[in-house]
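Below, all heavy atoms of this structure are taken into account, side chains as well, without hydrogens, waters or symmetry copies.
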Amino acid sequence: MSTAAPVYDPAAIEPVWQARWDAAGLHEVRDDVPRDKCYYVLEMFPYPSGKLHMGHVRNYSIGDAVARYKRMRGFQVLHPMGWDSFGLPAEQAAIERGAHPKAWTYENIAHMRGQLQRMGFSYAWSREFACSDPGYAAREQDIVLDLVERGLVYRKSSLVNWSTGLNCVLANEQVVDGKCWRTGTPVIQKELPQWCLRITSYAEELLKGLDQLQGGWPDAVLAQQRNWLGRSEGAEIDFAVDGHPEVTLTVFTTRPDTLFGVTFVSIAPEHAALDRIVPASHRAQVEAFKAEVRATSAQERMGDTAEKKGCPTGAFVINPATGAKVPLYAANFVVADYGTGVVMAVPAHDDRDHAFAVKYGLPVIEVIRPAAGEAKPVAEAAYTDPGVMTGSAQFDGVASEEAKGAITAWLESMKKGRKVVTWRLRDWGISRQRYWGNPIPFTYSDTLGIAPVRKQDLPVALPMDVAIDGKGNPLERHPTWAVTANDGSPLTVKGPTGPEPARRETDTMDTFMESSWYFARFTCHDNRRDDLGCAAPLDRARVDHWLPVDLYVGGIEHAVLHLLYARFFTKALSDLGYTGVREPFKRLLCQGMVCMETLYREGSDGKKQYFYPDEVEVERDAKGRVVSAVAKSDGQPVLVGRVEKMSKSKRNTVDPQALVDLYGADTCRLFVLSNVPPELDVVWSEDGVKGSHRFLKRVWVLAQEQRDRLLAVPAFAGHVRELSGADQAVGRKIHATVKRCTDALEKDFAFNTAIAACMELSNELDPAALSPAVLRAGIETLIRLLGPMVPHLAEELWAAYGHAEGLNAAGWPSYDAEQIAADEADYPVQIQGKVRAKISLPRTLTGPALEAAVLGHPDVVAALAGKPVKKAIIVPGKIVNLVV
RNA sequence: GCCCGAGUGGCGGAAUGGCAGACGCAGCGGAUUCAAAAUCCGUCGCCCUCUAAAGGCGUGUGGGUUCGACUCCCUCCUCGGGCACCA
């Protein structure tokens, strides 16, 4: 026993195991195993921004622990990784430091791949690809052409959200509070031709599909998607325009029951019919109003702070129900592309209409009364609840909810209205005036006009010789690219009379396109060409084998954007025949953010100046509360701000690389899985990391110090009844711990409680108190349970205990529920709900025998102090509650 | 305004309707050390109490269901997130 046990040196063991796994191809996966023995776990792939941050580490540690756990359970696990590598920062880097986007991107990828490998994540690296790889981008162009054939791609000129910061179009969901989601710069409305994907034709299925995802997806995400789709049932009602028999204005309303109470109609200022029906007397006024609205930024126009303004158009429309002539107002709050862009106004039963009517002196007509009791007079406030119809001719007396259908049917019979469903969801504009993206494969020519590139002429590849200076689209300004074919000859298309010169579309695709199908491509990343000689984006057999993804792990910030597009794409790909799967992600786990305390000073201008943690000295009291914080540089006080998501701008970041260098990958992985369930935010703390490290060191030292003597005995594998004393207790604990870890991982991926269970077990592994066989069983079980989370340490120790085959071969330990509970059950005895005694009785006792034993127990008799027991609730093995 | 979530020690959190606070962090006491780091042992909800025993109070608020509620139901409060001139 003279040789000292090896010290825990992660830097020495971790790279060795990484190299071994790699050499053995341990994380590559076969496609020919029955599906029920397969598991597809995927983490949202990163944008290659340069280096890994703690958010990545948390995301990927969760996914990797699941992947390794499932492998230990005998599954073939597909666990791929790739790069969401098109996008703006590459161009930003080009502008700022002259790096070519491609070079910058692929250098970042190389560095980050190295970091992922150093973390020991078990990816099937052979399947890796980047979205900017010619192979992937080209396959995506194929898909676009397929979508064109199915009528899912169209071009329309429309007002788009234009980011003044990025000089680029944004999707609705990229506009946050009227500002660009990336740069925070104002977003203005600009008229531009756009390529659009008809996601709205899948609206109904996208909504219905959410029901099936219930239970597998977080409720918050389902709710957000429902919200976003915004299904609204109502009616379209046609209003004739007075003096203009050729024009009909159709309104959309969810309250057809209030039709008899319409006192005016509002129309979006941009509405196409407006110019035709405004009389000369009002033209100037309306034009001025339109100009005013147009000048209002999207930011001001949205939100409830904006003033509701209207302008009489001089035109009148006719209520199809009553024949009443009511004024038409142009109103700034009517949205042109929701519903029909025309709204019937019922001041008596709608708050906004009421306010508008008061402001412009318009009449209020009551058509619904409360079913019981009295409401405020409608002149004072709108009554918006259901009630009983009044002032509505033949519908009087009917419940308003019923009248909705009745009035719609009546209108339908007169061909003046119809039941309709509208959606908040808009089609997906995919055009971006950017270089570092996938070109949209279309051409323009004189006689053919706009035409898709023929499949055999794909791919449309990005040119490398571009000038990127932030002044417009580099593709548009490239001297030859747009008019040159792949072979270098002038670009032509087949016109009716022969080849004619053509020009390429210079817009590239929204990068959400790439992330909408990469999970499918991972199943067949090498699929090349089909019989027609055309590139086939997907191999249906393999896609259907692996999809849907069993577990998808990523941030909640993608709740609507990416996850809705990916669902849409999957349905579209299915309709194209590329897969039979219609929902891509069976289970979704949204991990919380990695947060940290902020430290700052507030300048006189209210601007915060942030400090890095190592620039500040923080003093705490006995309870751990902050007493004071001062900057090391000047000794002046610093404010301790709230805990916020780690970000460079707030200087509250920790570089995972530094952690790995100091503590090793296993400590880093363990920390981000500890203490908190994966879906909650985790607050980074140096002490917490040290705690994780301490635990691993303890396990290491215990296992290594005991190794030599334990190798002489086999691990205990019998029934705990054969044991006694501490051995038996620990024997039971081993079974209990395996059960707890198994349940935690199977049910909720609750790594925090699994780790807690492992710590409890390790706390009980006392070499002085246990027989070698039981100690060995405890240590070896612990090693296996920790395997998915801290694989390097676990493999190293597993090997040290003489197992040549590795943890996957060893498998996940099993437990026997029967061996967990002790023969004697401890019963807390409650009297009137308060615990007054604790007694121990054989677990085999039940029924009347148990009751007799309880009531006869001296401690119970003493606690009762002679009071008669009115009722005794005795739950076998659990608890006793006596009512006196 | 509408739709989701969440409120438990100093902190993060744990708990199929059955002993609230597992596990970790911080704190406190001690061992080791010349000293520190590291490590180890003990202790650790609050109140009352010299200490202890024994009590009492405790899962945001108020009520309800139940032998028994952190857990289920209703009310309100606070915080977080999402949506919103959407007709």
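The residue A/Asp353 sits apart from the nucleic acid: no heavy atom pair falls under 4.0 Å. No contact: A/Ile556 has no heavy atom under 4.0 Å from any strand. Contact annotation for A/Lys870: no contact, since no heavy-atom pair falls under 4.0 Å across all strands. Nucleic acid contact for A/Asp687: sugar-phosphate only, since backbone atoms but no base atoms lie under 4.0 Å from a heavy atom of the residue. Within the nucleic acid shown, A/Arg836 comes within 4.0 Å of sugar-phosphate atoms alone, with no base atom in reach, counting heavy atoms only. Note on A/Gly230: nothing from the nucleic acid sits closer than 4.0 angstrom, heavy atoms only.
Note on A/Asp238 versus A/Arg418: salt bridge recorded, some NZ/NE/NH1/NH2 to OD/OE distance being below 4.0 Å. Ion pairing between A/Glu292 and A/Lys290 fails under the 4.0 Å rule for side-chain N and carboxylate O. A/Arg226 has a carboxylate O that lies under 4.0 Å from a charged side-chain N of A/Asp211, or vice versa, which qualifies the two as a salt bridge. Salt bridge absent: A/Lys419 and A/Glu236 never bring a charged side-chain N and a carboxylate O closer than 4.0 Å.
With a cut-off of 3.5 Å on both pairing distances, B/U65 has no Watson-Crick or G-U wobble partner at all. Taking a pair to require two hydrogen-bonding distances under 3.5 Å in either a Watson-Crick or a G-U wobble arrangement, B/U43 pairs with B/G27. Pairing for B/A54 is absent, with no Watson-Crick or G-U wobble pair whose two atom distances lie under 3.5 Å. B/A15 is unpaired under the Watson-Crick or G-U wobble criterion, no partner having all donor-acceptor distances under 3.5 Å. The partner of B/A37 cannot be assigned: no Watson-Crick or G-U wobble pair with both contacts below 3.5 Å exists in any strand. Across all strands shown, the partner of B/G80 is B/C4, judged by Watson-Crick or G-U wobble contacts whose two distances both fall under 3.5 Å. For B/U32, there is no paired base (Watson-Crick or G-U wobble, both distances below 3.5 Å).
Atom pair A/Leu680:CG and B/G7:C1' shows a separation of 12 Å (rounding to whole Å applied). Across the protein-nucleic acid pair, A/His354 atom NE2 and B/C85 atom C1' stand 17 Å apart, rounded to whole Å. The interatomic distance linking A/Trp684 (CH2) with B/G12 (P) rounds to 18 Å, in whole Å. We find that CG of A/Asn881 is positioned 13 Å from P of B/G18, with the value rounded to whole Å. The CG-P distance, from A/Leu662 to B/A37, rounds to 17 Å in whole Å. Following rounding to the nearest Å, A/Asp681 (CG) and B/C11 (P) show an atom-to-atom distance of 17 Å. At whole-Å resolution of the value, CZ in A/Arg698 and P in B/A38 are 14 Å apart. Separating the CG atom of A/Leu563 from the C1' atom of B/G82 is a distance of 14 Å, rounded to the nearest angstrom.
Contact check, A/Arg694 against B/G24: no side-chain N or O comes under 4.0 Å of OP1 or OP2. Dashed line: the shortest gap from a side-chain N or O of A/Tyr827 to OP1 or OP2 of B/C19 is not under 4.0 Å. OP1 or OP2 of B/A84 lies within a sub-4.0 Å distance of a side-chain N or O belonging to A/Arg424. The phosphate of B/C67 (OP1 or OP2) has a side-chain N or O of A/Lys871 nearer than 4.0 angstrom.
The side chain of A/Asn752 lies closest to B/G13 when the candidates are B/G18, B/G13, B/C86. Distances were taken from every side-chain heavy atom of A/Met759 (C-beta onward) to each of B/G24, B/A87, B/C85; the shortest belongs to B/G24. The listed nucleotides are B/C19, B/A22, B/A38; the one nearest the side chain of A/Lys697 is B/A38. Each of B/A87, B/C85, B/G18 was ranked by its minimum atom distance to the side chain of A/Asn332; first place goes to B/C85.
Each of A/Arg255 and A/Ser685 was assigned the nucleotide of RNA chain B with the nearest heavy atom; the assignment lying further toward the 5' end belongs to A/Ser685. Residue order along RNA chain B, read from the 5' end via each residue's closest nucleotide, puts A/Asp826 first among A/Ala757 and A/Asp826.
Ring to ring, A/Phe356 and A/Tyr329 are close: their centroids are under 6.0 angstrom apart. Checked against the 6.0 Å centroid criterion, the rings of A/Tyr8 and A/His693 qualify as a close aromatic pair.
Comparing B/A54 with B/C40, their P atoms sit 32 Å apart, to the nearest whole Å. Taking atom P in both B/A52 and B/U39, the straight-line distance is 31 Å, to the nearest Å. Here, B/G21 and B/C34 have their P atoms 41 Å apart, quoted to the whole Å. Taking atom P on both B/U16 and B/A26, the two are 28 Å apart, rounded to the nearest angstrom. With both ends at atom P, the span from B/U49 to B/U43 equals 25 Å, rounded to whole Å. Spacing between B/G60 and B/G9 at atom P, rounded to whole Å, works out to 8 Å. Distance check on atom P: B/G10 versus B/C46 gives 7 Å, rounded to whole Å. Look at the C1' atom in both B/G13 and B/C23: the space between them is 9 Å, to the nearest Å.
Listed in residue order, the members of residues 670-679 of chain A having a heavy atom less than 4.0 Å from RNA chain B are A/Asn675, A/Val676, A/Pro677.
In terms of heavy atoms, A/Pro828 sits closest to A/Val835 at CB-CG1, 4.3 Å. The two residues A/Phe260 and A/Ala321 make their nearest non-hydrogen contact at CZ-CB, 3.9 Å. Nearest heavy atom pair, residue A/Ala345 against residue A/Ser266, reads CB-OG, 4.5 Å.
Residue A/Lys838 places a side-chain atom within donor-acceptor reach of the base of B/C19, judged by atom type and a 3.5 Å distance cut-off alone.
A/Ser674 and A/Asn752 are not linked by any side-chain donor-acceptor pair at a separation below 3.5 angstrom, with hydrogens and angles left out of the test. A/Glu824 and A/Ser840 are linked by a side-chain donor-acceptor pair at a separation below 3.5 angstrom, with hydrogens and angles left out of the test.
B/G9 adopts a syn glycosidic conformation, its chi angle falling within 90° of 0.
Here the options are A/Asp350, A/Ile407, A/Ile368, A/Val346, the test is side-chain contact (heavy atoms from CB on, under 4.5 Å), and the partner is A/Arg255; only A/Ile368 passes.
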Under 3.5 Å, N/O pairs linking protein and nucleotides 1-6 of chain B:
none

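A distance-only check finds a donor-acceptor pair linking the side chain of A/Arg426 to the backbone of A/Arg424 [under 3.5 Å].
A 4.5 Å side-chain heavy-atom check between A/Glu233 and A/Thr254 finds every atom pair outside the cut-off.
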